Amino acid sequence: MQKPVVLVVMDGVGISENNYGNAVNNAYTPTLDYLFKNCPHTLIKASGLAVGLPSDGDMGNSEVGHNAIGCGQIYSQGAKLVNESIESKEIYKSETWKKLIDNAKGHTLHFIGLLSDGNVHSHINHLKSMIEEAKKEGITKVRVHALMDGRDVPETSGLTYIDDLEKFMSELNDDSFDARIASGGGRMYITMDRYESNWDMVKRGWETHVHGVGRHFKSATEAIVTYREELNVNDQDLHEFVIVDDNDLPIGKIEDHDSVILFNFRGDRAIELSKAFDYDDFNCFDRGYRPDVMYAGMLEYDGDLHIPSNYLVNPPSIKETMSEYFVKNNIKTYAISETQKFGHVTYFWNGNRSEKFSEELETWVEVKSDVVPFEQRPWMKSAEITDLLVEAILKNENLFYRINYPNGDMVGHTGNYEATIIGVEAVDLCLKRIMKACDEVGATLIITADHGNADEMYEKRKKEDDPIKPKTSHTLNKVPFIIYNRDVELKEGDFGLSNIAATVFKLLDLDIPEAWNESMIK
């Protein structure tokens, strides 16, 4: 008789020997300590080439991480896809690009997106390339609506990217070409909500970028410096700003006949704004006057719902996912997380697919996230998730369970070290309860993570007496892979997240698809 397998993803929990600012090592984690001491375990890669990113210097993220776990293979992802398309010039040969350019001639080409080189949601070099190409193809006016990062890059590095972009555009500008920053704000305050958890963010972004509604400034630099002094926030929480001319009029409202490109390549925080531009039947907030524009995303952010209807680079066609094969084997599965990572155990896990492969065989459970700053609730919904999961395990109706605890990532992104320690400890408490439930039904428990974050909460100091600076981005550290309640022997090798699928199937005594990377157990 097959024993169930329970797979826990501790989001953002990497492993590092360095204790400085390490909310994983410095948390009280008796459950993880026990597991590392007594169970088969190893460390696996969750960044760079191991998850389909351009180089091993690129941090992993939850989207590509869950893609890799869920499909057992490595696909070119996000930044790598766009890099390849720009290098080959295929992006500029696409019908979408040609239509955007033709539409904007005599009008304005707008770019909205995250202005950084974090390479998780976007890259400033992609924006530069498109602006440069737009000028070559006869566009005369470009406006950039710059979302500030402070999350995948140092928390107050925004002016570096503003200066870089403005210098680049000033060198292109002449009597026939005018490119400027028109509006902006912090990514966690405007525009970039996900999973429909806070539509007010998107509404603020819409009003700022489209209608030019927001506090007026003469430059993005003035806005950032002013908000930092007044609000004492880092870049991700900066309020909206609108750049105005000498007559105090917005320089870059989005108007009829303009073209708009959302240059983020990652989907989760791009879908809602895309709906606001694309959907005729839209009631999530009052858009006011909706200008008649051509809108496109860098990628198709949702392949099932076809959001947006126009996009520049084709996403990877992810096939042969775990969920597909579970359904083919008539196996029931169960997926649960709270809103912040629900899409990761469903949409991304299933290869960027919104719909289930089988309504009868797949159970998806979403626990609604609180709409509060995560450092104020570092335990998040871990207890509620665990309540439901334990209940499901004890019913013993499914053969495979997958869970994401967002704490290490979402609290880690706030830069609050003390809160992140509590977040890690909350997950550790939950693991103990899951272990007990697994014991009762004879289930095998796997504990892993999708990337690091909580393991490096402080920026490295050049000198010992330098002030501590919070680090809010992901890390390049490996992540744990632990097997509890099963006597197995792990192979030696350089494994990554994509090896998990075959390992699960081996534990379930199922045939491993040829396309998958190998199992980690002998």
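Quick caveat, the model's predicted, so the values are computed rather than measured.
With sequence neighbours left out, Val13 forms a side chain to side chain contact (heavy atoms under 4.5 Å, CB included) with Met10, Val24, Ala449. Partners of Glu240 by salt bridge (charged side-chain N to carboxylate O under 4.0 Å, His left out), not counting sequence neighbours: none found. For Asp280, the salt bridge (charged side-chain N to carboxylate O under 4.0 Å, His left out) partners two or more places apart in sequence, or in a different chain, are Arg290. Residues satisfying the salt bridge (charged side-chain N to carboxylate O under 4.0 Å, His left out) criterion with Glu391, sequence neighbours excluded, are Lys395. The salt bridge (charged side-chain N to carboxylate O under 4.0 Å, His left out) search around Asp11 returns Lys341, not counting sequence neighbours.
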Do any side-chain atoms of residues 370-381 form donor-acceptor pairs under 3.5 angstrom with protein atoms, and if so which ones, sequence neighbours left out?
from: Asp370; atom 1: OD1; to: Lys381; atom 2: NZ; distance (Å): 3.3

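In terms of heavy-atom proximity, Leu127 sits nearest to Val144 at CD2-CG1, 4.1 Å. Taking all atoms of both residues into account, the shortest heavy-atom contact from Val424 to Ala454 is CG2-CB, 4.1 Å. Here the closest non-hydrogen pair linking Ile74 and Val51 is CG2-C, 4.1 Å. When all heavy atoms of Asn416 and Ala419 are compared, the pair lying nearest together is OD1-N, 2.9 Å. Taking both residues in full, the closest heavy atoms of Asn264 and Met298 are given as O-CB, 3.2 Å, listed atom of the first, atom of the second, then distance. Smallest separation of non-hydrogen atoms from Tyr417 and Gly21: CE1-C, 3.6 Å.
The line from OG of Ser219 to CD1 of Ile181 is 8.5 Å long, rounded to the nearest 0.5 Å. How far SG of Cys284 is from OH of Tyr279: 9.0 Å, rounded to the nearest 0.5 Å. A distance of 14.0 Å separates CD in Glu272 from CZ in Phe277, rounded to the nearest 0.5 Å. Atom-to-atom distance recorded for Asp149:CG and Thr160:OG1 is 11.5 Å, nearest 0.5 angstrom. Residue Met130 holds its CE atom at 10.0 Å from CD1 of Ile101, rounded to the nearest 0.5 Å. Note that CG of Asp58 and CD of Gln77 are 12.0 Å apart. Values are rounded to the nearest 0.5 Å.
Asp152 and His413 share no side-chain donor-acceptor pair at under 3.5 Å. Inspection of the Asp278 and Ser309 side chains reveals an N or O donor paired with an N or O acceptor under 3.5 Å. Looking only at atom types and distance, the side chain of Asn103 has a donor-acceptor partner in the side chain of Ser259 under 3.5 Å away. With no hydrogens or angles considered, no side-chain donor-acceptor pair links Asp455 and Ser16 at under 3.5 Å. Between the side chains of Tyr405 and Thr386, at least one donor N or O sits under 3.5 Å from an acceptor N or O. Of the N and O atoms on the side chains of His474 and Asn61, not one donor lies less than 3.5 Å from an acceptor on the other residue. In this structure, a donor-acceptor pair under 3.5 Å is absent between the side chains of Glu90 and Ser85. For the residue pair Ser129/Glu132, the side-chain donor-acceptor check at 3.5 Å is not satisfied.
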Exercise. Should His121 and Arg187 be marked as a side chain to side chain donor-acceptor pair (under 3.5 Å) after you check the CA-CA gap, both sets of side-chain angles, and the distance that decides it?
Worked result: CA-CA 11 Å; His121 289 269; Arg187 58 179 280 182; 3.2 Å; yes
Problem set entry | Worked check of side chain to side chain donor-acceptor pair (under 3.5 Å) between His209 and Thr191 | CA-CA 9 Å; His209 311 316; Thr191 310; 2.8 Å; yes
Exercise. After noting the C-alpha distance and the side-chain angles of Thr475 and Glu456, does the key distance pass the side chain to side chain donor-acceptor pair (under 3.5 Å) rule?
Worked result: CA-CA 7 Å; Thr475 74; Glu456 289 181 16; 5.0 Å; no
Problem set entry | Candidate pair His123 and Asp117, rule side chain to side chain donor-acceptor pair (under 3.5 Å), full reasoning | CA-CA 5 Å; His123 200 294; Asp117 57 2; 5.1 Å; no
For this session: Decide yes or no on side chain to side chain contact (heavy atoms under 4.5 Å, CB included) for Arg402 and Thr333, but give the supporting numbers first.
Result: CA-CA 8 Å; Arg402 59 184 184 268; Thr333 62; 4.1 Å; yes
For this session: Take Arg228 and Thr226, measure what side chain to side chain contact (heavy atoms under 4.5 Å, CB included) needs, and give me the verdict at the end.
Result: CA-CA 6 Å; Arg228 283 181 183 169; Thr226 300; over 6 Å; no
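You'll find the ring centres of Phe400 and Phe326 inside the 6.0 Å limit. A ring-centre distance under 6.0 Å is found for Trp199 and Phe282. Here the two rings, on Trp364 and Tyr334, have centers that are 6.0 Å apart or farther.
For Lys319, the NZ atom is loosely surrounded, since the number of other residues' heavy atoms within 6.0 Å does not exceed 12. Asn232 CG: 12 or fewer foreign heavy atoms inside a 6.0 Å radius.
Looking at heavy atoms from C-beta onward, Leu262 lies in side-chain contact with Tyr301 at the 4.5 angstrom threshold. Side-chain contact between Phe111 and Ile131 is present, with at least one heavy-atom pair separated by less than 4.5 Å. Between Phe241 and Arg215, the closest side-chain pair of non-hydrogen atoms is not below 4.5 Å. Counting heavy atoms from C-beta outward, Glu459 and Pro154 have side chains that approach closer than 4.5 Å. Side-chain contact between Val9 and Val345 is absent, with no heavy atoms from C-beta onward closer than 4.5 Å. A heavy-atom distance below 4.5 Å is not found between the side chains of Glu300 and Asn314. You'll find the side chain of His107 stays beyond 4.5 Å of the side chain of Asp256, heavy atoms only.
Tested against Leu115 for a side-chain contact (heavy atoms from CB on, under 4.5 Å), the candidates Asp235, Ile124, Val153 yield a single pass: Ile124. With His110 as the partner, the side chain to side chain donor-acceptor pair (under 3.5 Å) test is satisfied by one option alone out of Glu255, Lys253, His145, Arg143: His145. Among Leu114, Ile162, Ile190, the one residue that satisfies the side-chain contact (heavy atoms from CB on, under 4.5 Å) test with Met148 is Ile162. The only member of Asp450, Asn67, Asp268 that meets side chain to side chain donor-acceptor pair (under 3.5 Å) when paired with Ser62 is Asp450.
Ion pair Lys368/Glu366 flagged as a salt bridge, since at least one NZ, NE, NH1 or NH2 atom sits closer than 4.0 Å to an Asp/Glu carboxylate oxygen. Residues Asp164 and Lys128 are paired through a salt bridge, judged by an N-O separation under 4.0 Å between the basic side chain and the carboxylate. One finds a salt bridge joining Arg266 and Glu63 here, because a Lys/Arg side-chain nitrogen approaches an Asp/Glu carboxylate oxygen to under 4.0 Å.
Stacking of Arg204 on the aromatic ring of Tyr189 is recorded, both the 6.0 Å distance cut-off and the 45° axial limit being met.
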